[in-house]
2 protein chains.
Amino acid sequence: MSKNHLYKGGLSTILLKILSDEGRMYGYQLSKRAKELTNGDLDITEGALYPTLHKLEAEGILETEIEKVGNRKRKYYKLTEEGQYKASERIDELKEYVMNLQGMLNGGMSHG
Amino acid sequence: MSKNHLYKGGLSTILLKILSDEGRMYGYQLSKRAKELTNGDLDITEGALYPTLHKLEAEGILETEIEKVGNRKRKYYKLTEEGQYKASERIDELKEYVMNLQGMLNGGMSHG
DNA sequence: TTCTTATACCTAAGAAAATTATGTATGTTT
DNA sequence: AAACATACATAATTTTCTTAGGTATAAGAA
C-alpha cells in the first residue's frame with residue numbers, strides 16, 4: 001500500500017475532511033469552501049471535483065441526496081456510517097504526513 | 001499558472017529543499033534522507049526519483065558531477081546559481097501551501 | 001432586453017506525475 | 001552461495017490532475 005498520498009491523491013481526503021466537519025454539502029459548495037479554508041490556495045477544478053466525488057460514492061464512503069432549490073437541482077453528499085470510519089483514518093494519515101512534511105520544510109535552517 | 005502543486009508535483013520541490021540544506025547529494029542518498037526527515041512517511045521510488053532529477057538538471061536548476069567511490073559511480077547533484085533562486089521561490093510556495101493545508105486539517109473541530 | 005457572471009451539474013481528451021516492473025552492476029552480510 | 005543493500009537507469013502502465021466542452025437556471029449590469 002502506497003504512503004505517498006498528498007503529492008498525489010490528496011484531493012479526496014481533503015473533501016472528506018470538509019464533509020466530516022460540515023456534515024452535508026454539494027459539489028459546488030465544497031469547492032468554494034476548500035478555497036476559503038486555504039486562503040485561495042486550493043482551487044479545485046470541476047474536472048477533478050466531480051469524478052472524485054463519484055468515486056467516493058462508488059466506494060460506499062459517501063451517499064447522496066438530490067434536492068431541488070427553486071428550479072435547480074443540488075446533489076448533496078454526506079459520509080456513510082462506514083465512510084465516517086474510513087474518512088477519519090485517511091484524515092489522520094494525511095495530518096501526520098503534512099506534519100512530517102512541514103517539519104522537513106522548516107528544518108535545516110542552519111546552513112547559510 | 002497552476003497553484004495545485006503538492007497533491008501533484010511536490011516531489012521536485014522536496015528534493016530541492018533537501019539539496020538546498022545539504023548542499024550536495026546523490027540520488028540514492030536523497031531518497032534515504034527524505035525518508036529519514038519525514039519519519040519514514042516519504043518513500044520515493046526510483047522511477048519517480050531519477051526522472052525528476054533529470055528534469056531539474058535539464059531545466060538548469062541542478063548540475064551534476066560524477067564521482068567514483070571504489071568501483072562504483074555516484075552522480076552528485078547540487079543547485080546551480082540560477083537554481084538557488086528558483087528553488088527558494090518554490091520552497092516558499094510549498095511552505096505556504098502546506099501551512100494552509102494544515103490549518104484546514106486542524107480546524108473545524110467544533111462539530112461533534 | 002441582452003450580455004455577462006455566478007450557480008450547478010457532468011464527461012471526455014490530454015498531460016503530468018506517480019507506481020510497478022525490469023535491467024545492469026558493485027559491495028556487504030549471512 | 002544467496003540474499004540484501006547500494007547505485008544508476010528506462011519503459012510500460014496507472015492514477016490523477018488540467019483543459020476543454022456541454023447543458024441549464026438565476027441574477028445583475030449595461
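In the text below, chain A, chain B and the rest are named by the order of the sequence lines, each starting its count at 1. Computed from heavy atoms alone, side chains included, the values below leave out hydrogens, waters and symmetry copies. It should be emphasised that the depicted structure is a prediction, and the values quoted were computed from it without experimental measurement.
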Inset, instruction - Estimate the overall bend of the helix from C:dT1-D:dA30 to C:dT30-D:dA1 from the end axes over five pairs each, rounded to 10 degrees. - result: 20°
Legend entry - Residue whose nearest DNA chain D nucleotide is more 5′ - A:Arg72 or A:Leu49: A:Leu49
Inset, instruction - Let me know the distance between CD1 of B:Ile44 and C1' of C:dT20, rounded to the nearest Å. - result: 17 Å
Inset, instruction - Might you work through the salt bridge (Lys or Arg N to Asp or Glu O under 4.0 Å) test for A:Arg24 and A:Glu67, ending with a clear yes or no? - result: CA-CA 12 Å; A:Arg24 187 168 177 276; A:Glu67 239 176 63; 2.7 Å; yes
Inset, instruction - Taking the side chain as every heavy atom from C-beta outward, state whether B:Tyr77 and B:Glu57 have any atom pair closer than 4.5 Å. - result: yes
Legend entry - Given D:dA26, D:dC8, D:dT18, the nucleotide with the shortest approach to the side chain of B:Tyr50: D:dC8
Inset, instruction - Kindly give the heavy-atom pair with the smallest separation between A:Glu46 and A:Pro51, and that separation in Å. - result: O-CD, 3.8 Å
Legend entry - Which nucleotide in C:dT19, C:dC10, D:dA26 has an atom nearest any side-chain atom of A:Glu46: C:dC10
Inset, instruction - Would you mind telling me which of D:dT16, C:dC10, D:dT25 lies closest to the side-chain atoms of A:Lys55? - result: D:dT16
Inset, instruction - Please determine, for the side chain of B:Lys75, which listed nucleotide (D:dA9, C:dC9, C:dG27) has the closest atom? - result: D:dA9
Legend entry - Candidates D:dG21, D:dA26, D:dA5 - which lies nearest the side chain of B:Tyr28: D:dA5
Legend entry - Candidates C:dT11, D:dT19, D:dC8 - which lies nearest the side chain of B:Lys73: D:dC8
Inset, instruction - Give a yes/no answer on whether the side chain of A:His54 brings an N or O atom under 4.0 Å of OP1 or OP2 in C:dT11. - result: yes
Legend entry - Residue A:Leu11, side-chain heavy atoms: nucleotide from C:dA8, D:dC17, D:dA7 that is nearest: D:dC17
Legend entry - A:Tyr26 side-chain proximity, nearest of D:dC8, C:dC9, C:dG27: C:dC9
